[in-house]
Amino acid sequence: MRTSQFPLNTVKETPADAEIISHQLMIRAGLIRKLAAGLYNWLPLGLRVLRKVEQVVREEMERAGALEVLMPSVQPAELWQDSGRWDIFGPELCRFKDRHQRDFCLGPTHEEIITDLVRNEIKSYKQIPLTYYQIQSKFRDEIRPRFGVMRAREFLMKDAYSFHMTQDSLNETYETMYGAYSRIFERLGLEFRAVLADTGAIGGSLSHEFHVLADSGEDAIAFSDQSDYAANVEMAEAKAIPVTQDPEVPLSTVETPGQHSIEEVSAFLSIPPEKIVKTLIVKGSAGGVVALLLRGDHALNPVKASKIEAVASPLEFASEAEVLEAAQCAPGSVGPRGLEIPIIADLSVGSLTNFTCGANHNGRHFQGVNFGRDLPLPEMKDLRLVTEGDVSPDGQGSLRIARGIEVGHIFQLGTKYSEAMGATVLNEEGKNQVLTMGCYGIGVSRVVAAAIEQNHDDKGIIWPAALAPFEVALTPINMATSEALEKTATRLYEAMKQAGLEVLFDDRKARPGVMFADMELVGIPHRIVISDRLLETGRAEYKGRKDQEAIEIAIDEVVPFLLTRRG
RNA sequence: CCGCGUUUAGCGCAGUCUGGUAGCGCAUCUGCUUUGGGAGCAGAGGGUCGGGGGUUCGAAUCCCUCAACGCGGACCA
């Protein structure tokens, strides 16, 4: 491609509304343009990158035995009413009526459609197991789209759905998909982790998220420094902390006027936060309130808390009035001793001795508190968010916390949709049997942004080989004034194309600085410079996008050299 | 959805407080010059000042209203 026929649309200035680096660079490099909040045009350069992702995804889906289909992005309401999700989905489901006043929506996902397709087309166990996939635009009317295509309202997604007669068969395909996903992100050159995920409201038994590691990621993930264990922090199990056997000290009461938060009490009494018990009052599942105890330096994990039977789901904190009623004091002075509501303690609280806690009296705390002696040992559960340095749940190594961008999610759906929508086939006994399902998503457009978050410098994007819109930038200097140079450049350009290299030939009448800056911003992995000066020695200059220094090579060696360098 | 903020040329912004009919930088186009890291000179084009209503002799500027966009929160494969 020649730049005279493939405009680059780069911009020097950083757009005011782009916060994260990938968004800024995608605008500046001319990959995307915003149409409205959460809606983007993909320019030719950006689309080439998107297609690269699609290509890798398609190849690996085919290898995994999945078959490509294409389903409409507009979907009839009846199917969503079938599954029950028409009423459950909130305003992020974009609904509208057609000219006949029939209800439709823009598909945020395609479980209903694929289940309908399969229940109509697949009649026999002999056609099972079966996996369909598609690459299609989704629309979710996000409350607050942000970060460019990272969290857009319309985005491109690969979604796959598998259908099975048995759980074993589902497990097998799930494993295959897990492997396919790992291959995809490896081939794309991304540093990623597969992590155990919360199955959440969707249900099902097993779920993994695939995260690209990046500081700007919206999710926190925990992983062991010595084993394969990795989980979303919401899911990561916190182990009990061994008992420290200090000799018991007597219980005492201390005045702490105006000291409410753990930090305040800690500073006021000169006690480390890990020796203070934090008492949180939350709403109970059967009305009333429940007290949750945590070590002062630990944070509550709302996902774990809301899974406890006695605690209301979703988790909701008690109002100040409810706290006053339960403890006769304000939230900053609540403690478990003498509290007459259900109490659940985090595992790490149970091993504390001589701790400090609120005395259920405004401006007053207890010190030297011990379970067994001063109050009964409460029911204990895993309640807290894991922190850096915690023991890994598998017992191997300690946990580290990193931020990640969720680019893929696989989970075992079970019979949630097939049951609700009557997706059955005849089994070997000639009886109707409900299909078991799995589903597997990849945020294709999000992968592009995630790749940039992980691969950039102050000059611009540094594409991994598999994603680069072009492999080579051919930049002749002052070609307009040198016929000899133009001849050589054209010859090289044709030779590169012959060799199957994707080359962007900068034939603009631009100054060298402009060409270099553009090619670096756009992130093309390899650059070949030729000039009259170099021509005299029969050499060209090569520089990789990540290289500090350029090297000179014979012009005749350029194509073979590039072929050895390509990823 | 709540709170705060923004909206003036393709992009980034000034002008608004104190009303007098719009400006800067970049980008674009033309010409000259220059040519190994986003050049220089000269010239040109481009704006219903987010929409509507009001006050005023006169509104980008003051008032009312609607909208879009952004940030924080809550929410969310």
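Convention: sequence-line order gives letters A, B, ...; per-chain numbering from 1.
Identified under the side-chain hydrogen bond (donor to acceptor under 3.5 Å, both in side chains) test for residues 87-97 of chain A, with sequence neighbours left out: A:Lys97-A:Asp103.
Within the 4.0 angstrom heavy-atom criterion, no nucleotide atom of any strand lies near A:Asp159. As judged by a 4.0 angstrom heavy-atom cut-off over every strand, A:Gly443 is placed among the base-contacting residues. Residue contacts shown for A:Arg527 include a base, since a base heavy atom lies under 4.0 Å away. Within the 4.0 angstrom heavy-atom criterion, no nucleotide atom of any strand lies near A:Met515. When heavy atoms are screened at a 4.0 angstrom cut-off, A:Lys34 is found touching the sugar-phosphate backbone but no base atom. Nucleic acid contact for A:Glu541: base, since at least one base atom lies under 4.0 Å from a heavy atom of the residue. Residue contacts shown for A:Tyr440 are absent, as no nucleic acid heavy atom lies under 4.0 Å away.
Comparing the C1' positions of B:G15 and B:U30 gives an interatomic distance of 31 Å, to the nearest angstrom. Taking the C1' atoms as reference points, B:A39 lies 38 Å from B:U48, given to the whole Å. Using atom C1' as the reference point in both B:G50 and B:C69, the two lie 10 Å apart (nearest Å). When the C1' atom is used for both B:A74 and B:U28, the distance is 44 Å, rounded to whole Å.
Looking at residues two or more places apart in sequence or on another chain, you find no ring-ring contact (aromatic ring centres under 6.0 Å, His included) involving A:Phe139. Judged as a ring-ring contact (aromatic ring centres under 6.0 Å, His included), and not counting sequence neighbours, the contacts of A:Phe192 are A:Phe185. A:Thr475 meets the side-chain hydrogen bond (donor to acceptor under 3.5 Å, both in side chains) test with no other residue; sequence neighbours excluded. Not counting sequence neighbours, A:Gln24 has no partner by the side-chain hydrogen bond (donor to acceptor under 3.5 Å, both in side chains) test. Among residues two or more places apart in sequence or in another chain, the salt bridge (Lys or Arg N to Asp or Glu O under 4.0 Å) test is passed with A:Asp457 by A:Arg545. Taking the side-chain hydrogen bond (donor to acceptor under 3.5 Å, both in side chains) definition, one finds that A:His208 meets it with A:Tyr174, sequence neighbours left out.
Toward the 5′ end of RNA chain B lies the nearest nucleotide of A:Thr10, the other residue of the pair A:Thr10 and A:Asp219 mapping further downstream.
The stretch residues 530-540 of chain A touches RNA chain B through A:Ser531, A:Arg533, A:Leu534, each having a heavy atom within less than 4.0 Å of the strand. Residues of residues 39-62 of chain A that place a heavy atom closer than 4.0 Å to RNA chain B do not occur.
Taking atom CG of residue A:Asp506 and atom P of nucleotide B:G37, one finds them 15 Å apart after rounding to whole Å. Between the CZ atom of A:Phe139 and the P atom of B:A77 there is a distance of 17 Å, rounded to whole Å.
Between the side chains of A:Asp159 and A:Gln136, no donor-acceptor pair of N or O atoms lies under 3.5 Å.
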For a quick test of your reading: what N or O donor-acceptor pairs under 3.5 Å do the side chains of residues 484-492 of chain A make, sequence neighbours left out?
from: A:Thr488; atom 1: OG1; to: A:Ala484; atom 2: O; distance (Å): 3.0
from: A:Thr490; atom 1: OG1; to: A:Glu486; atom 2: O; distance (Å): 2.7

Nucleotide N/O of nucleotides 39-47 of chain B paired with protein N/O under 3.5 Å:
from: B:A39; atom 1: OP2; to: A:Arg511; atom 2: NE; distance (Å): 3.2

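Residues A:Val444 and A:Leu50 are in side-chain contact: their nearest non-hydrogen atoms beyond the backbone lie under 4.5 Å apart.
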> When every nucleotide of nucleotides 2-14 of chain B is labelled 5' to 3' by its protein contacts under 4.0 Å (heavy atoms), B for base, S for sugar-phosphate only, - for none, what sequence of letters results?
Replying inline: ---------BSS-
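Other residues, nucleotides and ligands contribute over 12 non-hydrogen atoms within 6.0 Å of the CD atom of A:Gln81.
Taken to the nearest 0.5 Å, the CZ atom of A:Arg85 stands 11.5 Å off from the CG atom of A:Leu79.
Residue A:Arg58 forms a salt bridge (charged side-chain N to carboxylate O under 4.0 Å, His left out) with just one option from A:Glu60, A:Glu62, A:Glu54, and that option is A:Glu54.
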